[in-house]
Each structure stands twice: as C-alpha cells, then as structure tokens.
Amino acid sequence: MLTVQLIRENPEFVVKRLAIKNFDAKEAVEKIIALDEKRIAIQKDLNAKQSEINSLSKEIGALFAQKKVEEANAAKEKTGELKEAIKNLDQEMTDVASQLQKELVLLPNLPAEIVPAGKNADDNVVVKSQEGVAPMESNLLCHWDLAEKYNLIDFELGNKLTGAGFPVYVGVGAKLQRALISFFLDRATAAGYKEYQPPIMVNEASGFGTGQLPDKEGQMYYVGMDNLYLIPTAEVPVTNIFRDVIVKESDFPIKCTAYTPCFRREAGSYGKDVRGLNRLHQFDKVEIVRIEHPERSYQALDEMVAHVESLVQALGLTYRIVRLCGGDMSFTSALTYDFEVFSAGQKRWLEVSSVSNFETFQANRLKLRYKDEKTKKTVLAHTLNGSALALPRIEASILENYQTADGIKVPDVLVPYMGGLTIIK
RNA sequence: GGAGAAGUGGCAGAGUGGUCGAUUGCAACGGUCUUGAAAACCGUCGUACCGCAAGGUACCGGGGGUUCGAAUCCCUCCUUCUCCGCCA
C-alpha cells in the first residue's frame with residue numbers, strides 16, 4: 001500500500017510511475033487526495049469538540065467536588081449537543097477512513113526507475129544467461145515420462161487422493177524432494193538466513209499484510225470454518241513475523257528462510273503450462289526473506305539474486321535471469337528478477353524463482369518500521385523476498401537435463417543428500 | 001470441548017470512576033564524574049493523527065455499551081495460564 005503522504009506530495013509522479021505498470025491511477029489519486037483532505041477537516045473539527053468536552057468534564061468534576069450541584073447540572077446540559085456532534089463526526093470519520101483505505105488498497109506498488117515498460121512476459125529483459133549441463137541424447141523425454149519410467153512421481157495417484165495438481169512423490173522421487181529442501185536450506189542458513197518453520201495456514205491480517213488479500217483472494221485456498229488461508233508461499237507467514245513491529249536500526253539486515261509447502265488455486269491455467277510438474281496446486285519451496293534499511297534494500301536484492309544464482313549454478317542448470325517489465329510485475333513489487341531454467345525435454349524455459357524488492361509497500365500494510373537513530377523517527381522498513389528455490393520445476397529440469405541412456409544422473413551437489421546415490425535407474 | 005483466573009509502555013509491576021498517557025523498578029539512550037570502565041548522580045525514555053509552533057486529539061488485548069467523565073463498571077470476541085476431558 002502506498003502511503004497517503006507520497007500521493008499527497010507527488011501526485012503526478014505516482015500517476016506517471018503507475019502508467020509503467022499499465023495502471024491508470026489518475027482518478028484514484030484525485031479521489032484519494034480529496035478524501036484525505038476531508039479526513040483532515042473532520043479530524044480538526046473532532047479534535048476541537050473533544051477538547052471542549054474534556055475541559056467541560058473537568059469543570060463538572062470540580063463543581064461536584066465543591067458541591068455546586070446546580071451549576072454542574074447546567075454544564076452537563078452543554079455537553080449534550082457536543083456529544084451528539086461528536087457522534088456524527090465519528091461516523092463520518094469512520095466512513096471517510098474506510099473509503100480512503102479502500103482506494104489506497106487498490107493501487108499497485110510503484111515500479112522502480114529501472115523497470116522497463118512493457119505489456120507482458122515478452123517485454124521482459126534478459127539480464128544474464130548461462131549454459132549448464134546439456135543432455136547427450138537426441139530423443140529426450142519430458143519429465144512426466146521420466147517420472148513414470150523411473151517410478152518417481154505418481155500423478156494418477158494424486159488425482160485419486162486429492163485431484164489434479166497434487167502429485168504423489170514416491171521412493172527415490174520423494175527422497176529427491178527431501179534432498180533438494182535440505183540442500184536449499186543448508187545453503188540459505190550458510191548465507192546467514194535464520195531458519196523458521198512457520199504455520200502453513202494464516203489469518204486474514206497476515207494475508208493482508210503481504211498483499212495477498214484482498215486483491216488475490218481467489219488464489220488462496222480458504223478454510224472457511226476457521227477463517228484461515230493456506231499459504232501460497234512462505235513469504236506470507238515469514239514476513240508477517242514482523243507485522244506491527246518496530247525494529248532497531250542496528251537489527252538490520254534481518255534475514256530469514258523457511259521451507260514450506262505452498263498452495264495455489266491457479267484458477268484459469270490450462271494446457272502445456274499445467275502438464276506434469278509445470279504448475280501444481282501444492283508444491284514445496286524454500287523462501288528467503290529480508291527486512292532492510294531503505295538505503296540498502298537494492299544492494300540486498302542484488303545479494304539475493306546472487307544467492308539464487310549460486311543455487312542454479314551448483315545444480316548445473318542452464319538458466320537466465322530476467323528483469324520483469326511493468327506489465328508482468330506483481331501488484332506488490334517495485335522490482336523483480338525472475339530466474340528461468342531450461343528444460344531440455346520440453347525445450348522451454350521454466351520460472352523457478354522470483355526475487356523482489358517491495359520497498360515500503362508491504363511494510364506500510366504490515367506497520368513494519370524501524371527507529372532511525374539520528375532523527376529518532378519511526379520509518380517504514382523495506383521488505384524483500386525470493387524463492388530459493390521452488391522445487392517442482394527444478395526437479396523437472398534436473399530430470400530432463402540429466403537424463404542419459406542409463407538413467408538419470410544425480411547432480412554432484414545432491415549426491416550426499418541422496419545417501420550417495422549417483423544415478424537414478 | 002468444559003470450569004476457573006488473567007491480559008497495563010522493551011520487560012517487571014502499581015493503578016478499581018475525575019488533573020492518569022498512566023506511580024515505581026529494571027533495561028536502553030544522553031550527560032557529569034573517571035586515565036578507561038564500573039558504581040553513583042542528573043536528564044531523556046510509547047505510537048498515530050492534526051498543527052509552522054505552542055499545543056490539541058486518540059490509544060491501557062480487539063470491538064461495542066453505561067457515564068458530564070472509563071485503564072477502572074457492563075456486554076462480546078480474542079489470547080494466555082491453571083484444572084478436567086479428548087488426542088498426534
């Protein structure tokens with residue numbers, strides 16, 4: 001959520017920046033400014049009347065103490081009208097505040113200066129690409145065929161138990177999941193990220209804090225009986241650890257990591273995008289989250305990108321890093337880098353990580369601030385997060401890229417996590 | 001799930017209808033003292049909104065109510081603790 005102060009002070013700037021996300025904010029900005037002015041006017045009036053009633057109450061107290069009951073009763077009458085007026089103003093205030101909130105919540109985050117304009121994924125900018133291991137064979141199988149051939153994943157069984165998009169990992173396939181989770185967590189903790197194991201259901205306040213609610217309500221599974229949501233990413237519970245928190249400036253950098261299952265309804269997806277492991281309703285992911293000083297958040301973003309890069313490199317995958325254009329960015333992000341790995345069987349790029357700086361957008365919703373040691377002011381912090389990494393597409397890419405006539409080679413870094421297994425037969 | 005108790009500032013802990021945004025202690029920060037440190041002493045020490053400022057307003061788990069006036073009384077929800085039940 002953008003701050004009212006920003007909108008009030010730089011309305012043209014806000015409109016101009018949001019145009020890069022293909023969002024026309026002109027009307028909303030005008031409305032917000034008008035509502036804010038109204039809010040301030042009501043507040044002034046309300047404050048004056050409350051002040052008056054407060055001093056009257058004190059007088060009445062004094063009069064009663066002096067046993068001047070007559071005068072006290074006269075003063076009481078005066079408070080009557082004031083109370084009525086305050087009641088009305090209170091109502092107005094509530095209305096205006098909720099209208100203002102409603103408008104504010106609809107505005108996406110401003111894209112950073114270097115975000116390229118563009119409509120969709122075609123306009124993203126590839127900032128780096130690097131070759132990894134390349135399969136020798138010419139008749140390459142896709143991972144869903146490999147998974148069946150080597151008994152690693154049972155998609156049909158998942159259909160039976162739950163439905164489409166909920167695969168069952170079996171035997172060595174299950175072990176490979178566990179290996180990847182451990183490998184990613186070990187790398188993250190070695191890089192200074194503190195490990196958490198958060199709840200995988202969250203309440204409404206948490207969903208709002210990171211921006212999933214109310215905008216993307218349809219993307220999360222909802223457990224109505226208890227009014228809870230299944231998390232679409234560990235970003236939600238982990239970032240919300242810092243909801244309503246004022247950290248010390250010396251606490252920075254705050255670095256967290258967590259492995260969680262993730263649940264996404266993915267309404268509206270179809271075709272080759274959802275085949276095999278490409279898009280699931282439940283998947284595993286290790287997430288890294290950072291809370292940063294505003295002056296250092298972009299440096300932190302670079303560090304996170306470097307961390308994720310070290311993971312795909314260690315796994316020997318062919319990858320590229322793209323900077324998302326305005327039209328492809330999420331509602332909440334100011335700058336996002338996506339990692340895509342090449343999947344040799346499908347011959348396509350698969351997104352395996354998204355690393356973003358949200359600047360103060362989430363912090364404002366979360367009321368996550370730090371105390372500035374020089375000015376003694378409380379200031380909104382910056383939040384960032386990134387997948388490090390999401391498992392299914394990594395697994396798809398490993399299966400497809402490491403396939404040989406004799407089986408699937410286990411990437412060297414995973415061998416210790418696989419109990420010494422070097423080839424899956 | 002049932003019964004009881006409790007939720008106050010970073011922590012501890014006063015306050016049961018009026019000048020209480022809240023005594024006090026600890027922690028923290030600034031200073032005096034000291035070669036340095038500790039101790040001692042002095043000062044600062046919640047958040048938000050309005051205001052150039054002085055200052056004003058709101059907030060004592062959340063919401064609602066009673067009252068001229070609520071941290072204090074009432075209702076309700078949430079959370080924590082104790083006991084019972086159930087259970088991985």
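These numbers were taken from a predicted model, which means no experiment stands behind them. So you know, we letter chains A, B, ... as the sequences are listed, proteins then strands, and number each from 1. Just the heavy atoms: all of them, side chains too, but no hydrogens, waters or symmetry mates, feed the values below.
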Paired nucleotide for [N] [Watson-Crick or G-U wobble; both distances under 3.5 Å]:
{"N": "B/A39", "value": "none"}
{"N": "B/A58", "value": "B/U47"}
{"N": "B/G21", "value": "none"}
{"N": "B/U79", "value": "B/A6"}
{"N": "B/G1", "value": "B/C84"}

Pair [X] + [Y], salt bridge at N-O below 4.0 Å:
{"X": "A/Glu12", "Y": "A/Lys16", "value": "no"}
{"X": "A/Lys49", "Y": "A/Asp45", "value": "yes"}
{"X": "A/Asp36", "Y": "A/Arg39", "value": "yes"}
{"X": "A/Asp24", "Y": "A/Lys21", "value": "no"}
{"X": "A/Arg290", "Y": "A/Glu303", "value": "yes"}

(message) Taking any atom closer than 4.0 angstrom to a non-hydrogen atom of chain A, what span of RNA chain B does the protein reach, first nucleotide to last?
(response)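 Extent of the interface on RNA chain B: B/G18 to B/G69.
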With [atom1] as the reference atom in both, quote the distance from [N] to [M] in angstrom, rounded to an integer.
{"N": "B/G62", "M": "B/C87", "atom1": "C1'", "value": "31 Å"}
{"N": "B/A38", "M": "B/A71", "atom1": "P", "value": "41 Å"}
{"N": "B/G13", "M": "B/G18", "atom1": "P", "value": "25 Å"}
{"N": "B/G17", "M": "B/A70", "atom1": "C1'", "value": "7 Å"}
{"N": "B/U34", "M": "B/G46", "atom1": "C1'", "value": "34 Å"}
{"N": "B/A88", "M": "B/G7", "atom1": "P", "value": "35 Å"}
{"N": "B/C75", "M": "B/A5", "atom1": "P", "value": "13 Å"}
{"N": "B/C26", "M": "B/G64", "atom1": "C1'", "value": "37 Å"}

Please classify the nucleic acid contact of [X] as base, sugar-phosphate, or nothing, using heavy-atom distances under 4.0 Å.
{"X": "A/Ile60", "answer": "base"}
{"X": "A/Ile53", "answer": "nothing"}
{"X": "A/Lys58", "answer": "nothing"}
{"X": "A/Asn54", "answer": "sugar-phosphate"}

(message) Donor-acceptor check, side chain of A/Glu249 to backbone of A/Glu373, threshold 3.5 angstrom: yes or no?
(response)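 The answer is yes, because a donor-acceptor pair under 3.5 Å joins these two groups.
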(message) Between A/Asp251 and A/Lys248 (side chain of the first, backbone of the second, donor and acceptor by atom type, cut-off under 3.5 Å), is there such a pair?
(response)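 Indeed, once roles are kept as given, a pair shorter than 3.5 Å links the two residues.
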(message) Please compare A/Ser51 and A/Lys371 by the position of their nearest nucleotide in RNA chain B and report the one closer to 5'.
(response)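 Upstream on the strand: A/Lys371.
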(message) Both A/Lys376 and A/Ala62 contact RNA chain B. Which one's nearest nucleotide lies toward the 5' end?
(response)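 The residue closer to the strand's 5' end, by nearest nucleotide, is A/Ala62.
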(message) Can you tell me how the ring of A/Tyr417 sits relative to the ring of A/Phe183, calling it parallel under 30°, perpendicular over 60° and tilted otherwise?
(response)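 The arrangement is perpendicular - the two ring planes meet at more than 60°.
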